Protein chains: 2
Amino acid sequence: MSSAAQQLPDEPVPSVAAVPDPPRQRDAERTRAEILDVATQEFADRGYAGARVDEIAAKTSTTKRMIYYYFGGKEQLYVAVLERAYKRIRSLEQGLDVEHLDPVQAVRELAGLTFDHHEAHPEFIRLVSIENIHRAEHIARSEALSGLANPVLDVLGRILERGWDAGLFRGDVDALDVHQVISSFCVFRTANRHTWRALFGRDMLDAERREHQRRMLGDLVVAHLTAR
Amino acid sequence: MSSAAQQLPDEPVPSVAAVPDPPRQRDAERTRAEILDVATQEFADRGYAGARVDEIAAKTSTTKRMIYYYFGGKEQLYVAVLERAYKRIRSLEQGLDVEHLDPVQAVRELAGLTFDHHEAHPEFIRLVSIENIHRAEHIARSEALSGLANPVLDVLGRILERGWDAGLFRGDVDALDVHQVISSFCVFRTANRHTWRALFGRDMLDAERREHQRRMLGDLVVAHLTAR
DNA sequence: TCCGCAATGAACTAATTGGTACATTAGCGT
DNA sequence: ACGCTAATGTACCAATTAGTTCATTGCGGA
């Protein structure tokens, strides 16, 4: 692999003045980002042990040398992948604004956002599964990740307060409980999609069933919170 | 590792008539089972790619040779592990009898059984996670596993029928939907235990929270089914 | 009792894989 | 102009790892 702008065999190589469209050479940030992109895909696809440094390098426009130059090793690369993935998720979560809705509509909206979000980022869910197989040892060691608060929890906390004040919600489930219920549902359908289909013949991510599932999650959470 | 009946260093080795309590030599079934036991542990612990055939062999009282003799290779061993694990789960599921309970109590009982069951078999949950990382390709290829019906679904189906007939349950969720909700909750708290604790500081499997979580699941499912 | 085969063990191998040594070059600051 | 360093590429290595070869032995049946 020599250059990003590969030529088909027959095409004449443009002679002198062929300037590569993006100023392509020696761009540390671009190289770093490209490695992270490929590594994210590979780790999510094959797990930590299953991913191959050589394979990651090969799918890059640079070489294995650069992985060690920028990240130090396979494990540090994996941690960098995790950190970036979580960072992205968090920044997306920042954007949710449901303060203006009534508590019931607000939880329903929040659940729907999580639903959409997890469905749109299967590779993130896979990374989380993989990290759990490793007992979250990398997250625990990463200062950038461990204990970093989740914006969703604050939002949920405020919604619950309003729901309690209005006498709408039961008092014996806290924000983390509700988040757990929502996460369970949303993570499960992506994380366990394949065994589920193999065992039950139903694809939980089937587009035809999507609306039914989304409504089901909303109903589930609202019914739970407003029960009794 | 030479024998199942290990001696402490100081104890004198019993001389001639020491018949090994279980007739220990040349027992194909025992060897097979021991390999499967160790392999289950190792695969669940480190994933398919992360598990080492040498390590599995070392933790056995036999040698690597036997793994290849009985199973053929790493992948076939892994499939054998999966098949046995699923078989055990199914046989346990056979035992549930909730026909005598009213529909609401029956779903609550069923959910509780799944809850207990998954909590008691974390290594099974891990294997399922691992198999999902591999897109269930091994399950799909295994005749013993793919498409084999789950007894839980029949039980749930009958409970739902009774609930519908009694006008207790909503009609727009089927048995598989309910099973999905229950599985989501039960699988998630085990499968994602570690990242959850690392990120939120709460152990979903903490014994102190166990009853709360168990009740929460029951309430969740019942509230959902009886809503409106 | 003894033969044939299932069952077992020790050592070996070919390929893979994470990681490195060494050489090179682009381009920024002066 | 130019030199110094960040950035990059090639080739290599040592360790690991799945799988095998070949020899051996216990045991059930004839």
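Please read all numbers here as calculations on a predicted model, not as lab measurements. Lettering of chains follows the sequences in order, A, B, ..., and the numbering in each one begins at 1.
- Counting atom types as modelled, A/Lys74 pairs no side-chain N or O with a base atom of C/dG19 as donor and acceptor under 3.5 Å.
- Listed nucleotides: C/dA6, D/dT17, C/dG18. Nearest to the side chain of B/Tyr69: C/dA6.
- The nearest whole Å value for the distance from the CZ atom in A/Arg30 to the P atom in D/dT8 is 11 Å.
- The phosphate of D/dG9 has neither OP1 nor OP2 within less than 4.0 Å of any side-chain N or O from A/Arg65.
- Heavy atoms of other residues, nucleotides or ligands lying less than 6.0 angstrom from CD of A/Glu143 number 12 at most.
- Counting to the nearest Å, the C1' atom of D/dT20 and the CD1 atom of B/Ile67 are 14 Å from each other.
- When all heavy atoms are compared, the tightest approach of A/Ile56 to A/Val38 is O-CG1, 3.5 Å.
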Using salt bridge (Lys or Arg N to Asp or Glu O under 4.0 Å), reason through B/Asp37 and B/Arg84 one step at a time and then give a plain yes or no. CA-CA 10 Å; B/Asp37 287 340; B/Arg84 197 180 63 156; 2.8 Å; yes

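- When the C1' atom of D/dG19 is taken as reference, atom CE of B/Met66 falls 14 Å away, rounded to whole Å.
- Contact annotation for A/Ala57: no contact, since no heavy-atom pair falls under 4.0 Å across all strands.
- If you take CZ of B/Arg52 and C1' of C/dT16, they are 11 Å apart, rounded to a whole angstrom.
- Nearest nucleotide to the B/Asp54 side chain, out of D/dA7, C/dG18, D/dT17: D/dT17.
- Between the CD atom of B/Glu34 and the P atom of C/dT8 there is a distance of 10 Å, rounded to whole Å.
- The phosphate of C/dT8 has OP1 or OP2 within less than 4.0 Å of a side-chain N or O from B/Tyr70.
- Protein atom CZ of A/Arg32 is 15 Å distant from nucleotide atom C1' of D/dT8, rounded to whole Å.
- Rounded to an integer number of Å, the gap from B/Glu75 CD to D/dA18 P is 13 Å.
- Using a 3.5 Å distance cut-off with no hydrogens or angles, the side chains of A/Gln180 and B/Arg189 do not pair a donor with an acceptor.
- When the nucleotides C/dT20, D/dT17, D/dT8 are ranked by their closest atom to the side chain of A/Tyr68, C/dT20 comes out on top.
- Residue-level contact check: A/Ala51 touches the backbone only, with heavy atoms under 4.0 Å from sugar-phosphate atoms and none from bases.
- For A/Glu55 and C/dG18, the CD to P distance is 11 Å, given to the nearest whole Å.
- Looking only at atom types and distance, the side chain of A/Tyr48 has no donor-acceptor partner in the side chain of A/Glu131 under 3.5 Å away.
- Between B/Thr31 and C/dT8, a side-chain N or O to OP1/OP2 separation shorter than 4.0 Å is present.
- If you check C/dT20, D/dT8, D/dG19 against the side chain of A/Lys64, the one that comes closest is C/dT20.
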